[in-house]
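Here's the structure, in structure tokens; my notes come after.
Lettering follows sequence order; numbering is per chain, from 1.
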Amino acid sequence: MEQTLDLYAMERSVPNVEYDPDQFPGLIFRLESPKVTSLIFKSGKMVVTGAKSTEELIKAVKRIIKSLRRYGIRIGGKPKIQIQNIVASANMHVHVNLDKAAFLLENNMYEPEQFPGLIFRMDEPRVVLLIFSSGKMVITGAKREDEVYKAVKKIFDKLEELDCIKAVEEEEELEI
Amino acid sequence: RWRKWQIRARIQSSIDRNLAQAMNELERIGNLLGLPKSVKDEGALIYRKAVEKGLVRGRSIESVVAAAIYASCRRMKIARTLDEIAQYTKANRKEVARCYRLLLRELNVDVPVSDPKDYVTRIGSLLGLSGASMKLAAEILEKAKNVGLTAGKDPAGLAAAAIYIAALLNEERRTQKEIAQVAGVTEVTVRNRYKELIQELKIEIQNQ
DNA sequence: ACATTACTTTAGAAAGC
DNA sequence: GCTTTAAAAAGTAATGT
């Protein structure tokens, strides 16, 4: 929001919020439906996490503002929303040979003593994928939904081309 | 130009001072870990590269030294966990791991994926097991790898379970507790890996 | 020997130390 | 760098019954 906010006043009048400026400069506001969590700053900027889709995110932002107004917080104008990060999970339904993939892929890190997934930094689209031997993975760092689908298709094709995949079933995907 | 020379000399002397202190640390930690000279030398080489690239700025010398030692062990296939190395520093495992990742990303150090078999030798000798058992454990791990059972799992836990099985089959049984302790994993992990290995590889274990 | 809870990794923004 | 928030993946760890 393009305006400054009095977080102390919000902490007094809005129920179920957490605000401890010594610990963190943002006020924590949790919305039950859609289930998201928001960090609200005195600059009027806020971070909203946990939304499962863009539609859900927009709905959540509207409800957060409506809720704040209901408790007497004066907020004017429309919020400008930017998607900063999309986190998604996908399942390729195959078994992945991570040792081989670690050897053949370029920007990767695979340290099974620290974390079971292979971390792959893709240049285009610019995302990071956590790939597991089960064929499931996590895609993060995307700003648009189509980047997620593009990245999943790309890594699947690449792993297949490098012969790092052992068939178990089919192909599929999801979004958070 | 004088100024240029002065700046160069100043930078060089700061690198020298840093290196001198780091080499002492490296020697100290390396000896506590019982590492051979070749591993310490390799660690020194990696550390020198890091200083020259300015990667030590804002970080403790000690944690970067520890990370360099870990990278060296991995390159030389000397089985040492991050925890074992970090215990001799004031930094925790997380900080040393962070430095290690930095070294991997910023320097051209090639580190192979750690092989559970490297842990077999260390765990086996610490437990005083026979060469035959260690060889058998290595064979079990090779089979496990070939059927895709090892991906994503902690090499130390896999090695511990393979040792447990091998020792049982060779009638020089060690308890899961003993093995877990020297391997640096919990009994639960040894048990989980053990169950999976005997089931998937169809290994017959006689009772008791 | 089980279960439950919690931590490891990844990205990104916010304001301030 | 750190602090806080959320979510997924699979492995390991700590604690409880």
Side-chain angles (χ1 to χ4, degrees), chain A residues 1 4-5 7 17-31 34-53 56-57 60 81-92 96 98 107-122 125-143 147-148 151 173-176, chain B residues 57-60 63 81-83 92-95 97-99 101-102 150-158 160 176 180 183-193 195-196:
Chain A
M1 301 299 311
T4 58
L5 299 169
L7 300 184
V17 300
E18 294 170 38
Y19 183 46
D20 181 0
D22 293 330
Q23 190 182 128
F24 189 70
L27 176 144
I28 303 168
F29 180 101
R30 287 169 217 274
L31 190 72
K35 190 172 180 263
V36 297
T37 298
S38 176
L39 306 177
I40 303 173
F41 299 86
K42 63 176 183 285
S43 64
K45 293 186 177 178
M46 57 186 200
V47 173
V48 179
T49 58
K52 296 285 186 197
S53 67
E56 205 177 282
L57 170 67
I81 301 174
Q82 274 185 302
I83 292 175
Q84 301 294 164
N85 187 18
I86 295 176
V87 182
S89 60
N91 190 349
M92 300 185 284
V96 185
L98 296 179
N107 301 315
N108 79 86
M109 191 156 78
Y110 174 48
E111 300 279 329
E113 42 274 276
Q114 283 186 287
F115 188 72
L118 182 149
I119 301 163
F120 179 70
R121 289 161 201 281
M122 192 177 274
R126 197 161 188 81
V127 299
V128 172
L129 299 101
L130 310 182
I131 305 164
F132 299 86
S133 63
S134 63
K136 290 186 179 178
M137 56 192 187
V138 172
I139 306 91
T140 185
K143 296 249 191 256
E147 293 174 335
V148 173
E173 49 203 271
L174 282 162
E175 201 208 331
I176 294 180
Chain B
R57 278 177 199 169
R59 261 167 273 268
S60 77
S63 50
T81 64
L82 266 180
D83 277 312
N92 54 346
R93 191 199 83 264
K94 198 169 177 175
E95 175 59 20
R98 201 192 317 275
C99 293
R101 265 173 265 147
L102 185 81
T150 60
K153 272 112 180 186
D154 183 355
L158 286 166
Q176 294 183 352
V185 296
T186 63
E187 287 177 70
V188 179
T189 296
V190 178
R191 201 173 304 127
N192 288 341
R193 292 304 126 242
K195 281 188 199 164
E196 192 177 41

#### Entry: Pairwise P distance for dT8(C) and dC2(D), with rounding to whole Å
12 Å

### Task
Please work out if Arg193(B) contacts a base, only the sugar-phosphate, or nothing of the nucleic acid, heavy-atom cut-off 4.0 Å.
sugar-phosphate

### Query
In terms of side-chain geometry, is the basic nitrogen of Arg30(A) or Glu18(A) positioned less than 4.0 Å from the acidic oxygen of its partner?
yes

### Task
Could you tell me the separation between the OG1 atom of Thr49(A) and the CG atom of Leu39(A), rounded to the nearest 0.5 Å?
6.0 Å

### Whole angstrom value for the distance that separates P of dA15(C) from CE of Met46(A)
13 Å

#### Entry: Distance between P atoms of dT3(D) and dC7(C) (Å, rounded)
13 Å

#### Entry: dT10(C): pairing nucleotide in any strand, Watson-Crick or G-U under 3.5 angstrom
dA8(D)

### Query
Taking atom P of dA14(C) as reference, at what distance in whole Å does atom NZ of Lys42(A) sit?
14 Å

### Query
Given atom NZ of Lys153(B) and atom P of dA9(D), what is their separation to the nearest angstrom?
16 Å

### Query
For the pair made of CG in Asn92(B) and P in dT8(C), what is the distance, rounded to whole Å?
10 Å

### Query
Any donor and acceptor pair, going by atom type alone, linking the side chain of Tyr110(A) with main-chain N or O of Gly152(B) inside 3.5 Å?
yes

### Message
Would you say Arg93(B) places a side-chain N or O within less than 4.0 Å of OP1 or OP2 belonging to dT12(D)?
### Response
no

### Task
Report the residue (Val188(B) or Gly152(B)) whose heavy-atom-nearest nucleotide on DNA chain D is the more 5′ of the two.
Gly152(B)

### Query
Which comes earlier along DNA chain C counting from the 5' end, the contact point of Lys143(A) or that of Phe115(A), where each point is its nearest nucleotide?
Phe115(A)

### Message
Counting the atoms with a prime plus P, OP1 and OP2 as sugar-phosphate, which does Val185(B) contact under 4.0 Å by heavy atoms, base, sugar-phosphate, or nothing?
### Response
sugar-phosphate

### Task
Would you give the length of the straight line joining atom NZ of Lys153(B) to atom CD of Glu196(B), rounded to the nearest 0.5 angstrom?
3.5 Å

### Query
Which of these nucleotides, dG11(D), dG12(C), dC2(C), is closest to any side-chain atom of Lys195(B)?
dC2(C)

#### Entry: Asn85(A) (side chain) donor-acceptor with Gly141(A) (main chain) under 3.5 angstrom
yes

### Task
For dT5(C), give its Watson-Crick or G-U wobble partner with both distances under 3.5 Å, or none.
dA13(D)

#### Entry: Phosphate OP1/OP2 of dG1(D) contacted by Arg57(B) side-chain N/O (<4.0 Å)
no

### Task
For side chain to side chain contact (heavy atoms under 4.5 Å, CB included), just list the numbers for Lys143(A) and Arg126(A), CA-CA rounded to whole Å, side-chain angles, deciding distance to a tenth of an Å, and then say yes or no.
CA-CA 9 Å; Lys143(A) 296 249 191 256; Arg126(A) 197 161 188 81; over 6 Å; no

#### Entry: Nucleotide dT9(C), atom P - distance to CZ of Arg121(A) in whole Å
12 Å

### Summary
If pairing means Watson-Crick or G-U wobble with both distances under 3.5 Å, then the partner of dC2(D) is dG16(C)

## Note on the structure
Looking only at dT9(C), dA10(D), dA7(D), the nucleotide nearest the Leu130(A) side chain is dT9(C)

Every protein N/O lying under 3.5 Å from an N/O of nucleotides 2-5 of chain D:
from, atom 1, to, atom 2, distance (Å)
dC2(D), OP1, Arg98(B), NH1, 2.7

### Task
Indicate, with a heavy-atom threshold strictly under 4.0 Å, whether Ser134(A) touches base, sugar-phosphate, or nothing.
sugar-phosphate

### Task
Among dT10(C), dA15(C), dA7(D), find the nucleotide with the atom closest to the side chain of Ser43(A).
dA15(C)

### Query
Can you tell me how far P of dA10(D) sits from CE of Met137(A), to the nearest Å?
12 Å

### Approximate separation, where rounding is to 0.5 Å, of Leu158(B) CG and Thr189(B) OG1
10.0 Å

### Message
Using the side-chain heavy atoms of Thr186(B), tell me which of these nucleotides is nearest: dA14(D), dT10(C), dT8(C).
### Response
dA14(D)

### Task
Tell me what Val138(A) touches on the nucleic acid: a base, only sugar-phosphate, or nothing, going by heavy atoms under 4.0 Å.
base

### Task
Verify the contact: side-chain N or O of Thr189(B) to OP1 or OP2 of dG11(D), cut-off strictly under 4.0 Å; return yes or no.
no

#### Entry: Nearest-angstrom distance from the residue atom CG of Leu129(A) to C1' of dA11(C)
12 Å

### Query
Base, sugar-phosphate alone, or nothing: which one does Gly184(B) contact when heavy atoms must sit under 4.0 Å apart?
sugar-phosphate

#### Entry: Check: Glu95(B) and Arg59(B) side chains under 4.5 Å, non-hydrogen atoms
yes

### Query
dA3(C) C1' sits how many Å from Arg191(B) CZ, rounded?
13 Å

### Task
Could you tell me whether a side-chain N or O of Lys42(A) sits under 3.5 Å from a main-chain N or O of Leu5(A), the two making a donor and an acceptor?
no

### Query
Within the structure shown, what part of the strands sits under 4.0 Å from Arg59(B) by heavy-atom distance: base, sugar-phosphate, or nothing?
nothing

